[in-house]
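Down below is the structure, laid out as structure tokens.
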Amino acid sequence: KYGADVVANQGLKVITTLDWDMQQIAEKAIEENVLKNEKDYGATNSGLVAIDPKTGNILSMVGSRDYFDKTIDGAYNIATAGRQPGSSFKPIVYSRAFEKGFLPETVLFDIPTQFGSCDAFDRSNTPPCYAPDNYDNKFLGPISLRNALAQSRNIPAVQLLSMVGLPDALETGK
């Protein structure tokens, strides 16, 4: 907008919502946990965004574990990448459920479950059938909402979304 000379030489004042102390904590958290995540889950890169829930301001953002590491596509900012939201949407679903009267103690079932119009024995996930799995490929059986969210279990989250309703969950997300 202003040109390279103005940006470099005219003393522009940059105002940001970033919190330097929180940024340092975020960078340290990525550094300390990324190698464990690579070993345990094969995740070669990592990112983190901390947002003030009252204002929506970004307080810290780490887009990659190492910007200069080409082996992990480090120069790619995974925090701003256009990707599916994955587990980051689960707290929104749970929040809407709590607004509707569900309790942290409410029990759902972490068992093989099919959603949509499914053949009873078809786990192929051919639309309109959806049969989610958990990241550890295990099923824990009866589980409270508190524990299902804490452990980021996929099947109870999809069950809860089904009960809350997609339009209501999306409205909460907005």
Side-chain ([X]) to main-chain ([Y]) donor-acceptor, under 3.5 angstrom:
| X | Y | value |
| --- | --- | --- |
| N134 | R153 | no |
| Q159 | F109 | yes |
| R65 | I30 | no |
| N57 | L59 | no |
| S64 | A75 | no |

Apply side-chain hydrogen bond (donor to acceptor under 3.5 Å, both in side chains) to residues N33 and N37 and explain how you reach the verdict. CA-CA 6 Å; N33 291 292; N37 287 339; 6.0 Å; no
For residues [X] and [Y], report the shortest heavy-atom separation together with the two atoms involved.
| X | Y | result |
| --- | --- | --- |
| A148 | Y94 | CB-OH, 3.4 Å |
| G63 | N77 | CA-OD1, 3.0 Å |
| L48 | A26 | CD2-CB, 3.6 Å |
| S152 | K90 | O-NZ, 2.8 Å |
| Y76 | A81 | OH-CB, 3.0 Å |
| I143 | P156 | CG2-CG, 3.9 Å |

For Q23 and V62: C-alpha separation, side-chain torsions, deciding distance, then whether side chain to side chain contact (heavy atoms under 4.5 Å, CB included) applies. CA-CA 8 Å; Q23 180 67 26; V62 180; 3.8 Å; yes
Do the side chains of [Y] and [X] get nearer than 4.5 Å, heavy atoms only?
| X | Y | answer |
| --- | --- | --- |
| D52 | T17 | no |
| F102 | M163 | yes |
| Q151 | L140 | yes |
| F98 | P104 | yes |
| I58 | V49 | yes |
| D168 | K100 | yes |

Tell me, yes or no, whether the heavy-atom count around Y135 atom OH, taken from other residues, nucleotides or ligands under 6.0 Å, exceeds 12.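 Correct, the count exceeds 12.
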Decide if atom NZ of K28 counts as having more than 12 heavy atoms of other residues, nucleotides or ligands within a radius under 6.0 Å.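 Counting other residues, nucleotides and ligands, NZ of K28 stays at 12 neighbours or fewer.
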Value rounded to 0.5 Å, distance of [atom1] in [X] from [atom2] in [Y]:
| X | Y | atom1 | atom2 | value |
| --- | --- | --- | --- | --- |
| I25 | D19 | CD1 | CG | 7.5 Å |
| D66 | E31 | CG | CD | 10.0 Å |
| S144 | L149 | OG | CG | 9.5 Å |

Within one Ile-Leu-Val-Met-Phe-Trp-Tyr cluster: [X] and [Y], side-chain cutoff 4.5 Å:
| X | Y | value |
| --- | --- | --- |
| V158 | I111 | no |
| L145 | V164 | yes |
| Y41 | L35 | no |

Hey, mind stepping through T113 and F115 against side chain to side chain contact (heavy atoms under 4.5 Å, CB included) and telling me if it holds? CA-CA 7 Å; T113 305; F115 298 87; 3.5 Å; yes
Stepwise side chain to side chain contact (heavy atoms under 4.5 Å, CB included) test for V34 and N45: CA-CA 7 Å; V34 72; N45 208 344; 5.7 Å; no
Hydrogens and angles aside, do D133 and N137 bring a side-chain donor and acceptor to less than 3.5 Å of each other?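 Side-chain D/A pair, D133 to N137: absent.
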Begin from the C-alpha positions of V6 and K1 and carry the test side chain to side chain contact (heavy atoms under 4.5 Å, CB included) through to its verdict. CA-CA 10 Å; V6 171; K1 182 176 181 179; over 6 Å; no
Go through the structure and list residues passing side chain to side chain contact (heavy atoms under 4.5 Å, CB included) with T172, not counting sequence neighbours.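 Partners of T172 under the side chain to side chain contact (heavy atoms under 4.5 Å, CB included) test: I92, S95, R96, E99.
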